[in-house]
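Beneath this line is the structure, given in structure tokens, with notes to follow.
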2 protein chains.
Amino acid sequence: MSPETATARTPPRSAPRRPTQAERRARSRSALLQAAARGLSRYGYGNLVLEDVAREAGYTRGALYYQFKDKEDLALAVIEWVNESWMREVGEPAAQQADPVAELLALARGHAVFCRRDIARVVMALRMEFAGQDHPVGREIERIWETGVKRCVRLINLGRKACSIPPGPPARAVALALLGALEGAVIALAGQAPNDELLAARAVAGVLGLSEA
Amino acid sequence: MSPETATARTPPRSAPRRPTQAERRARSRSALLQAAARGLSRYGYGNLVLEDVAREAGYTRGALYYQFKDKEDLALAVIEWVNESWMREVGEPAAQQADPVAELLALARGHAVFCRRDIARVVMALRMEFAGQDHPVGREIERIWETGVKRCVRLINLGRKACSIPPGPPARAVALALLGALEGAVIALAGQAPNDELLAARAVAGVLGLSEA
DNA sequence: TATCATACATACGTGTATGTACGTAGCGAT
DNA sequence: ATCGCTACGTACATACACGTATGTATGATA
């Protein structure tokens, strides 16, 4: 944020100094990414119209095709951006919980809060759209999803060893059901606070076979 | 099934007698409907290509446009067909349960079994695709979904009065989370028997706040 | 057997969204 | 002040899928 980085003939004095090229580019890219994320969340990939995305961001398709190679590249950038946000706001905080059960429930509550914004359904929508296909976007979504599944499998096995999670179906089946139920519940609730947190945690606890959330 | 309905110069004798017009038409329509259902379940509405549907059914688009007015008409027919099947195989059997909790758990298990076939995701896919839109297909899906929500709300209120379901968030929020978690879990499990039944029931029980499935 | 309606297949026109080529205004350094 | 590069906007070419119009073979009827 320090404007002194440049040799700066531009007056560091005050006023909303006219933006530099890099800032301009970054602002445009950010606006386009957010608009694309909202669009993907609402319409999915195939039904997403790039002209609408650009207009909602305040540009035309020209700006979009300057910043991104094509539609696929844009979608992959959105996915990466959403995933990084999720990791920072949900994944990493939950990892600081002491025991596996607490971490799983923290994931549920955190995901519910995360999905209160308008980009909640990006992953779910793309996962539905590309399931069983062989598309780069679908593969990336599948990769992220599989990461989540593996994390849950690990936690479930740990919890069962510690006897904080009762035995039951194979850990992978439980993990799949857990994530599916979590996403389904959160999307159906459409971010209506504050019940979303409790109900998401309840769904997860139920799948795990716990007696209470 | 009685071939005597027609004045029947056609020998009722035996053999695979050549099919009548009505039978032919019904067979074609059924094949097209099933192919369209599979297609909608996999690709959703927008990404569904009618030529692929027709080919998978063993016809061309000509047959499709003879039996259905347009793509929208086809989708609505599929929805009606799937919904009737669901009511017959899941909705009505579950309604014979004695108490509300048993009925809700029967719905969960029945839905899991119902979704083992390849048309499992029709409703979920279309609901995701048309959420917030104003499209005839979306409205029909929303109508069916709302019917399910209302049924769950009724059962939840009954169960709470009977103290078989503990108090908690508003019944409508619980119902939304219940159906969302149920569909999400079943789809994520992709019909892997026999765990799908148990895990679906666990998810529902969890959302309701019950101690066990 | 002749004739009509039905159940399809084939061919065409059209709209729409993508990707690309080109034009243009604004930033940055000499 | 000027010139090159960047960040867009504009215009075009292409592809794809829908809907329709037309052709054709089969079943029904007399």
Side-chain angles (χ1 to χ4, degrees), chain A residues 3-12 16-33 35-36 39-40 43-76 129 135-137, chain B residues 3-12 16-33 35-36 39-40 43-76 129 135-137:
Chain A
E4 302 80 359
T5 52
T7 48
R9 169 117 17 106
T10 58
R17 76 185 190 296
R18 66 181 179 186
T20 177
Q21 294 271 69
E23 287 177 347
R24 190 184 173 194
R25 180 184 180 114
R27 281 191 169 279
S28 300
R29 186 181 170 91
S30 178
L32 290 168
L33 266 180
L40 283 176
Y43 308 109
Y45 184 82
N47 293 330
L48 182 70
V49 179
L50 296 185
E51 189 169 331
D52 296 350
V53 172
R55 190 188 316 123
E56 199 172 336
Y59 298 91
T60 67
R61 279 173 46 244
L64 220 163
Y65 274 94
Y66 178 74
Q67 301 255 10
F68 303 94
K69 180 176 170 292
D70 53 13
K71 189 176 184 179
E72 187 180 304
D73 184 41
L74 172 66
L76 290 174
E129 189 168 353
H135 190 280
V137 175
Chain B
E4 302 80 0
T5 51
T7 48
R9 169 128 6 119
T10 59
R17 78 187 190 294
R18 65 183 180 187
T20 178
Q21 295 270 69
E23 285 177 347
R24 190 182 172 193
R25 179 184 180 114
R27 281 191 169 278
S28 300
R29 186 181 169 91
S30 178
L32 290 168
L33 267 180
L40 284 176
Y43 309 109
Y45 183 82
N47 293 331
L48 182 70
V49 179
L50 297 186
E51 188 169 332
D52 296 350
V53 172
R55 189 187 318 123
E56 199 172 335
Y59 299 91
T60 66
R61 280 171 49 242
L64 222 164
Y65 276 95
Y66 180 74
Q67 301 256 11
F68 302 95
K69 181 174 169 291
D70 52 14
K71 190 175 183 179
E72 185 180 307
D73 185 40
L74 172 65
L76 290 173
E129 189 168 353
H135 190 279
V137 174

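Each chain gets a letter, A, B and so on, in the order the sequences are listed, and its residues count up from 1.
- Distance Leu64(B) CG to dT6(C) P: 19 Å, rounded to the nearest Å.
- Summarising the geometry, the separation between CG on Asn47(B) and P on dC16(D) is reported as 15 Å, rounded to the nearest angstrom.
- Note on Leu48(B): only backbone sugar-phosphate atoms sit closer than 4.0 angstrom, heavy atoms only; bases stay farther off.
- At the phosphate of dT10(C), neither OP1 nor OP2 sits under 4.0 Å from any side-chain N or O atom of Thr60(B).
- For Tyr65(A), the side-chain contact (heavy atoms from CB on, under 4.5 Å) partners two or more places apart in sequence, or in a different chain, are Leu50(A), Arg61(A).
- With rounding to the nearest 0.5 angstrom, the OG1 atom of Thr60(B) is 8.5 Å from the CD atom of Glu51(B).
- Atom CG of Leu32(B) and atom CD of Glu56(B) lie 11.0 Å apart (nearest 0.5 Å).
- Within the model, atoms CG of Leu74(B) and CG of Leu40(B) stand 6.5 Å from one another, a figure rounded to the nearest 0.5 Å.
- Rounded to a whole Å, the CG atom of Leu50(A) is 16 Å from the C1' atom of dG9(D).
- Atom CG of Leu32(B) and atom P of dA7(C) are 13 Å apart (whole Å).
- The interatomic distance linking Lys71(B) (NZ) with dC16(D) (P) rounds to 16 Å, in whole Å.
- Heavy-atom distances to DNA chain D give each of Arg25(A) and Val49(B) a nearest nucleotide, and the one nearer the 5′ end belongs to Arg25(A).
- Taking atom CD of residue Gln67(B) and atom C1' of nucleotide dC8(C), one finds them 9 Å apart after rounding to whole Å.
- If you take CZ of Arg61(A) and C1' of dG19(C), they are 7 Å apart, rounded to a whole angstrom.
- The phosphate of dA7(D) (OP1 or OP2) has a side-chain N or O of Tyr66(A) nearer than 4.0 angstrom.
- As rounded to whole Å, 13 Å separates atom C1' of dA11(D) from atom CD of Glu51(A).
- Summarising the geometry, atom CD belonging to Gln67(B) is positioned 8.5 Å from atom CG belonging to Leu33(B); distances are rounded to the nearest 0.5 Å.
- Along DNA chain C, the nucleotide closest to Gly46(A) and the one closest to Gly62(A) are compared, and the more 5′ of them pairs with Gly46(A).
- Residue contacts shown for Tyr59(B) are limited to sugar-phosphate atoms, with no base heavy atom under 4.0 Å away.
- Remark: Thr20(B) is in phosphate contact with dA28(D), judged by side-chain N or O atoms under 4.0 Å from OP1 or OP2.
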